[in-house]
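Shown next, in structure tokens, is the structure this report addresses.
Labels below follow one simple rule: chain letters A, B, ... track the order of the sequence lines, proteins then strands, and each chain is numbered from 1.
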2 protein chains.
Amino acid sequence: MKQSKKGRVTLQQVAEHAGVSTSTASLIVRNNPRISDATRKKVLQSMQELGYVYDRVAANLRSQSSDTVGIIITDISNTFFSEFLIGVHDALDEVGYTVLLGTTFDSVSKQDHLLSTMLEHRVGGLILCPVSESTEETVARLNDIDTPMVLAVRELPGVKSDYVGINYPEGARIAVDYLIEKGHERIALLGGIRESSTWVERMEGYRDALSRAGLEVDEALMINSAPTREGGLEAVLKVLENPEPPTAIFCFSDLIAFGVMQGLRMKGFTPGKDIDIVGFDNVPVAEIYHPPLTTISSFPRRTGKEAANLLYQQMEKIKREQQRIILTPELIVRESS
Amino acid sequence: MKQSKKGRVTLQQVAEHAGVSTSTASLIVRNNPRISDATRKKVLQSMQELGYVYDRVAANLRSQSSDTVGIIITDISNTFFSEFLIGVHDALDEVGYTVLLGTTFDSVSKQDHLLSTMLEHRVGGLILCPVSESTEETVARLNDIDTPMVLAVRELPGVKSDYVGINYPEGARIAVDYLIEKGHERIALLGGIRESSTWVERMEGYRDALSRAGLEVDEALMINSAPTREGGLEAVLKVLENPEPPTAIFCFSDLIAFGVMQGLRMKGFTPGKDIDIVGFDNVPVAEIYHPPLTTISSFPRRTGKEAANLLYQQMEKIKREQQRIILTPELIVRESS
DNA sequence: ATGGAACTATGAAGCAATCCAAAAAAGGCC
DNA sequence: GGCCTTTTTTGGATTGCTTCATAGTTCCAT
């Protein structure tokens with residue numbers, strides 16, 4: 001698990017070669033202005049000749065600092081997270097930090113392990129997208145960490161830390177409002193697992209939009225399913241058996257929407273013409289699907305950027321209250337509605 | 001760009017608290033068996049009480065070793081690379097390495113910068129997916145690096161290093177062979193930029209398959225375009241103007257294939273019924289598209305895993321010749337053909 | 001010349017661990 | 001108990017760089 005390295009050129013060697021002290025050489029690598037141009041040039045020349053490579057590990061040790069930040073996400077293959085990662089990565093890159101990556105695959109033990117590893121690596125800060133099932137121990141542990149940290153995407157009640165998240169209920173409300181404005185009165189909510197908080201939040205927004213418009217919530221139009229394309233297919237077939245079928249469908253996710261559209265076609269309906277469809281997530285395919293999917297975007301990149309900014313403020317000791325940033329999703333209208 | 005840390009508990013403090021020497025404590029954190037159970041227990045107890053966190057940075061400095069590996073890719077939002085990353089990550093996680101991530105967005109200067117940063121961080125090894133446009137300087141530099149390294153996905157002529165790549169010509173050949181076997185004689189090759197090596201490689205396989213089957217290559221059936229959905233749309237509209245249109249289409253990429261299918265529908269054809277379509281890449285959407293797309297998969301996860309394995313062998317000083325692993329893509333038949 | 005700023009440069013200590021060789025403790029046997 | 005072997009434990013040096021207080025140079029104005 002370890003890998004040893006052969007002779008690296010050290011700052012001492014450079015200094016010796018250039019005929020100055022190590023301290024001087026050190027000041028030069030760090031671009032300290034109080035070194036004369038003459039010696040600076042001389043030393044830089046020596047570095048070039050010897051092929052010197054700065055050793056951040058040693059530097060960080062001595063200066064008790066760190067220029068890496070850890071970022072722990074649950075799944076890179078999920079488009080949301082890979083986009084989120086890009087957002088974080090970009091923002092931190094810009095200010096000179098390097099990213100240590102970890103993926104939990106939604107396992108508590110892996111998350112625990114990654115937290116340990118990153119702290120052992122002396123990361124200067126930590127961005128954590130917590131796994132869904134979190135214990136009291138986790139909460140306690142996170143509160144114990146005195147490394148700057150921001151929680152993202154999923155909030156952990158009880159954890160005192162900055163947080164960047166998305167207002168899912170509001171997203172659902174926007175989607176349903178849009179369908180109501182288009183004149184629909186029977187709007188289904190399809191897909192998703194009833195027990196998951198993600199579903200509950202969308203459902204809240206859905207109910208809210210309907211009741212504000214004076215429409216009744218028909219439980220028969222809310223059908224749960226696995227959060228997959230197949231799930232969407234099943235759900236739509238079920239809802240179409242209703243004697244009074246919906247005229248528009250708000251789907252739990254884009255994936256569900258794809259299944260729903262497949263089901264509609266099987267039953268001879270044309271999505272976007274006979275029945276309006278709205279998805280949720282704005283996965284990249286939504287745009288290129290047939291038909292292009294109207295959906296709700298939660299701006300994963302922007303979320304990542306905000307998380308990085310909050311972390312940066314903490315790391316640079318910018319004094320402020322604990323912060324919560326809740327981003328509001330936006331509706332993206334395409335041909336499926 | 002730096003972040004200083006408050007008092008961390010050190011091994012000295014632990015040792016003092018437990019009434020042993022630092023050396024002993026050090027042996028214990030490293031699970032050295034020649035420590036009596038009594039003292040081990042005592043010291044572990046002290047660590048617990050003081051909340052000791054192992055400092056890998058200091059340890060790596062002293063032992064001249066590293067337990068991080070750097071991985072540089074061109075784009076995380078590209079599904080191929082995010083899957084590739086998962087493959088690498090998983091394999092390295094298993095053997096206890098931590099991943100330092102960098103993204104070049106296909107920029108040479110960013111790649112240069114990332115290489116420097118990672119070497120300065122004393123990574124134990126490096127997996128590099130080089131940017132497309134690479135200079136002689138890059139080649140020279142890579143040959144100078146004496147950190148274990150493996151190149152992946154894109155080969156750099158002149159660089160002496162292990163390599164894991166994909167046999168794209170063979171993938172194209174397999175796709176076209178399949179269409180020929182289905183009885184097609186007029187097979188188009190649509191999409192992609194003529195100048196890119198990725199296109200040329202697919203074209204080689206395409207030509208090869210046709211000529212081996214005794215079929216003539218009709219230049220009018222090879223239409224280039226931007227590697228986007230729009231590009232695919234344009235290309236297919238153009239090829240359909242042909243007095244003798246193709247009966248099957250091999251697309252440069254899945255993205256192109258989506259555009260091609262859209263174009264076919266516009267002209268009243270049903271993809272998979274009237275005209276067979278084969279894509280390339282097997283992006284996750286290919287499976288859930290309408291209709292599901294027959295395509296060529298190049299197993300990004302597996303590629304990542306292989307890269308990680310090669311790197312691991314180098315890092316653990318497993319003596320062997322320089323290695324090249326070329327994976328052969330596979331055909332995945334779905335309803336679009 | 002000369003005294004005092006204002007620049008530059010440096011020596012030695014220190015960061016938190018590991019390494020190595022050598023000392024101390026424990027066991028075994030006569 | 002004494003002697004030898006084996007098992008545990010330990011100083012002190014070391015890793016490559018930064019820190020900090022101090023020393024050495026310039027450079028002007030006196």
Within this structure, what is the NZ-OG distance for the pair A:K42 and A:S36, rounded to the nearest 0.5 Å?
7.5 Å
Would you check if the side chain of A:S298 reaches a backbone N or O of A:P300 as a donor-acceptor pair within less than 3.5 Å?
no
Pairwise salt bridge (Lys or Arg N to Asp or Glu O under 4.0 Å) hits with a residue in residues 78-92 of chain A, at least two apart:
A:E83-A:R301
State plainly whether the residues B:R302 and B:E306 are in salt-bridge range, i.e. N to O under 4.0 Å.
yes
Students often mix this up, so state it plainly: with edges at 30° and 60°, are the rings of B:F84 and B:F80 parallel, tilted or perpendicular?
parallel
For A:E120, does the CD atom have more than 12 heavy-atom neighbours from other residues, nucleotides or ligands under 6.0 Å away?
yes
Look at the side chain of B:R324 and the backbone N and O of B:G165, then say whether any donor-acceptor pair between them is shorter than 3.5 Å.
no
Distances for protein N or O near nucleotides 22-26 of chain D N or O, under 3.5 Å:
none

Can you tell if the side chain of B:Q45 reaches within under 4.5 Å of the side chain of B:E49, non-hydrogen atoms only?
yes
Once rounded to the nearest 0.5 Å, what's the spacing between atom CG of A:D106 and atom OG1 of A:T74?
5.5 Å
DNA chain C: 5'-most and 3'-most nucleotides touching chain A, 4.0 angstrom heavy-atom criterion
C:dT8 to C:dA16
Over 60° means perpendicular and under 30° means parallel, so classify the ring planes of B:Y54 and B:Y52, tilted if in between.
perpendicular
What does A:R30 touch in the nucleic acid at a heavy-atom separation under 4.0 angstrom: a base, only the sugar-phosphate, or nothing?
base
Salt bridge (charged side-chain N to carboxylate O under 4.0 Å, His left out) with A:R34: which residues, sequence neighbours excluded?
none
Test side chain to side chain donor-acceptor pair (under 3.5 Å), reference B:D162, set B:Q322, B:Q323, B:Q313, B:Q314, output is B:Q314
Sub-3.5 Å pairs of nitrogen or oxygen atoms, protein against nucleotides 13-16 of chain D:
from, atom 1, to, atom 2, distance (Å)
D:dT14, O2, B:R62, NE, 3.2
D:dT14, O2, B:R62, NH1, 2.5
D:dG16, OP1, B:Q64, NE2, 3.2
D:dG16, N2, A:A58, O, 3.4

For DNA chain D, find the residues of residues 17-27 of chain A with a heavy-atom distance under 4.0 Å and give them by number; none if there aren't any.
A:S23, A:S26
